[in-house]
Amino acid sequence: MKSLPVLVFASLVLMGCAHTENLSSEQTPQFSAPFTLALEKPVTVGNLVVKLQKVEDSRCPMNAMCIRQGSAITYLQLQDTRGNEATKTLYLGDALPAPDNRGMRSADTVLVSMGPRQYQLILSEVQPYPNTANTSPAEKTAKIEVRAL
């Protein structure tokens, strides 16, 4: 009977050691690979620094019935090592009249020139998706991809 607690403890220790992750090592985003941006937290991709400045989210909550789909609008700031800067607006959802009425979007792509180089920005996701049951949602993030052209 005394060996039962020891056996349970040993089992728990072994289960805890079965799989460990190195949480301190962060992956550096690469060109042409999607990555997630948090608000106001710059990320370096190659020779660019990309920052999600703001997210405006008017998408219809997943547990609601709406007349329109709504949209998620992201404002991205880019800066290269030469000091060139650009701000681009990308969105998902309903067609917007501004900046250039790119139509309905499940993903959005824009080109940006930074000095002699051109890049393509692709927005594929804005999270968390609105939900009327969640009164204190997590901070918005955007999944983007940067391609050097």
Side-chain angles (χ1 to χ4, degrees), residues 8 11-149:
V8 170
S11 298
L12 290 173
V13 168
L14 289 174
M15 286 187 333
C17 294
H19 179 68
T20 59
E21 295 182 49
N22 186 0
L23 298 176
S24 62
S25 67
E26 292 184 25
Q27 294 281 337
T28 303
Q30 303 293 318
F31 285 120
S32 300
F35 61 94
T36 301
L37 278 174
L39 280 171
E40 294 296 327
K41 294 185 179 153
V43 171
T44 302
V45 182
N47 61 339
L48 289 178
V49 175
V50 183
K51 182 169 73 170
L52 179 62
Q53 293 181 306
K54 183 169 85 168
V55 176
E56 295 174 3
D57 196 349
S58 67
R59 295 176 292 177
C60 180
M62 65 177 70
N63 52 348
M65 292 189 62
C66 303
I67 294 172
R68 57 182 285 269
Q69 177 183 352
S71 56
I73 306 168
T74 61
Y75 300 88
L76 299 174
Q77 181 183 32
L78 294 95
Q79 184 174 18
D80 67 8
T81 53
R82 296 179 179 169
N84 296 309
E85 289 187 24
T87 301
K88 290 294 180 177
T89 304
L90 290 95
Y91 68 91
L92 303 175
D94 283 348
L96 299 173
D100 55 4
N101 195 14
R102 296 188 297 262
M104 294 286 292
R105 296 285 171 184
S106 59
D108 197 9
T109 303
V110 295
L111 293 176
V112 60
S113 296
M114 303 289 286
R117 301 284 317 254
Q118 270 203 324
Y119 301 93
Q120 185 179 51
L121 301 176
I122 303 167
L123 172 68
S124 58
E125 187 175 290
V126 174
Q127 291 295 332
Y129 201 90
N131 182 344
T132 59
N134 191 355
T135 57
S136 57
E139 189 171 280
K140 294 289 184 185
T141 62
K143 184 183 275 187
I144 69 162
E145 181 180 332
V146 179
R147 294 182 182 169
L149 303 177

J.: Can you name the residues that form a side chain to side chain donor-acceptor pair (under 3.5 Å) with Lys140, not counting sequence neighbours?
T.: Asp57

J.: To the nearest 0.5 Å, what is the distance between CD on Gln120 and CZ on Arg147?
T.: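 The CZ atom of Arg147 is 5.0 Å from CD of Gln120, to the nearest 0.5 Å.
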
J.: For Ala148 versus Arg117, what's the shortest heavy-atom pair and its separation?
T.: CB-NH2, 3.4 Å

J.: Do Phe35 and Val45 make a side-chain contact, defined as non-hydrogen atoms from C-beta onward lying under 4.5 Å apart?
T.: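 The answer is yes, as the side chains (C-beta and beyond) meet within the 4.5 Å cut-off.
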
J.: Taking only residues two or more places apart in sequence or in another chain, which ones pass side-chain contact (heavy atoms from CB on, under 4.5 Å) with Arg82?
T.: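 Arg82 satisfies side-chain contact (heavy atoms from CB on, under 4.5 Å) with Asp80, Asn84, Pro116 once adjacent residues are dropped.
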
J.: In Å, rounded to the nearest 0.5 Å, how long is the span from CG of Leu39 to CD of Gln53?
T.: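 Between atom CG of Leu39 and atom CD of Gln53 there are 10.0 Å.
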
J.: Going by atom types alone, do Gln118 and Ser113 pair a side-chain donor with an acceptor below 3.5 Å?
T.: yes

J.: Is any side-chain heavy atom of Gln69 closer than 4.5 Å to one of Cys60?
T.: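 Contact flag for Cys60/Gln69 side chains = no.
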
J.: Mind checking the OG1-CD spacing from Thr109 to Glu145? Nearest 0.5 Å is all I need.
T.: 8.5 Å

J.: With side chains defined as the heavy atoms from C-beta onward, is the minimum distance between Leu111 and Leu149 less than 4.5 Å?
T.: yes

J.: Please list, chain by chain and in numerical order, all residues satisfying side chain to side chain donor-acceptor pair (under 3.5 Å) with Lys54, sequence neighbours excluded.
T.: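 By the side chain to side chain donor-acceptor pair (under 3.5 Å) rule, Lys54 matches Glu56.
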
J.: Between Thr141 and Ala38 (side chain of the first, backbone of the second, donor and acceptor by atom type, cut-off under 3.5 Å), is there such a pair?
T.: no

J.: Do side-chain atoms of Ser58 reach the backbone of Gly70 as a donor and acceptor pair under 3.5 angstrom?
T.: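 A pair under 3.5 Å: no.
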
J.: How close do Leu76 and Leu52 get, counting heavy atoms only, and between which atoms?
T.: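 Taking every non-hydrogen atom into account, CD2-CD1, 3.6 Å.
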
J.: Identify the heavy atoms of Met114 and Leu78 that sit nearest to each other, and give their distance.
T.: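 Distance-wise, the nearest heavy atoms are CE-O, 3.7 Å.
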
J.: Taking Asp108 for its side chain and Tyr91 for its backbone only, find out whether a donor-acceptor pair lies under 3.5 Å.
T.: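 At least one qualifying donor-acceptor pair exists.
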
J.: Indicate the atoms forming the closest heavy-atom contact of Ala86 with Val112, along with that distance.
T.: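 Looking at all heavy atoms of both residues, the closest pair is CB-CG2, 3.5 Å.
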
J.: Would you give the length of the straight line joining atom CG of Leu92 to atom OH of Tyr129, rounded to the nearest 0.5 angstrom?
T.: 9.5 Å

J.: Report the distance from atom CZ of Arg59 to atom CG of Asn131, rounding to the nearest 0.5 Å.
T.: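 It comes to 11.5 Å.
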
J.: Indicate yes or no: at least one non-hydrogen side-chain atom of Lys41 is less than 4.5 angstrom from one of Lys51.
T.: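 Heavy-atom side-chain distance check fails, nothing below 4.5 Å.
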
J.: Tell me whether Asn63 contacts the main-chain N or O of Thr132 through its side chain, where contact means a donor paired with an acceptor under 3.5 Å.
T.: yes

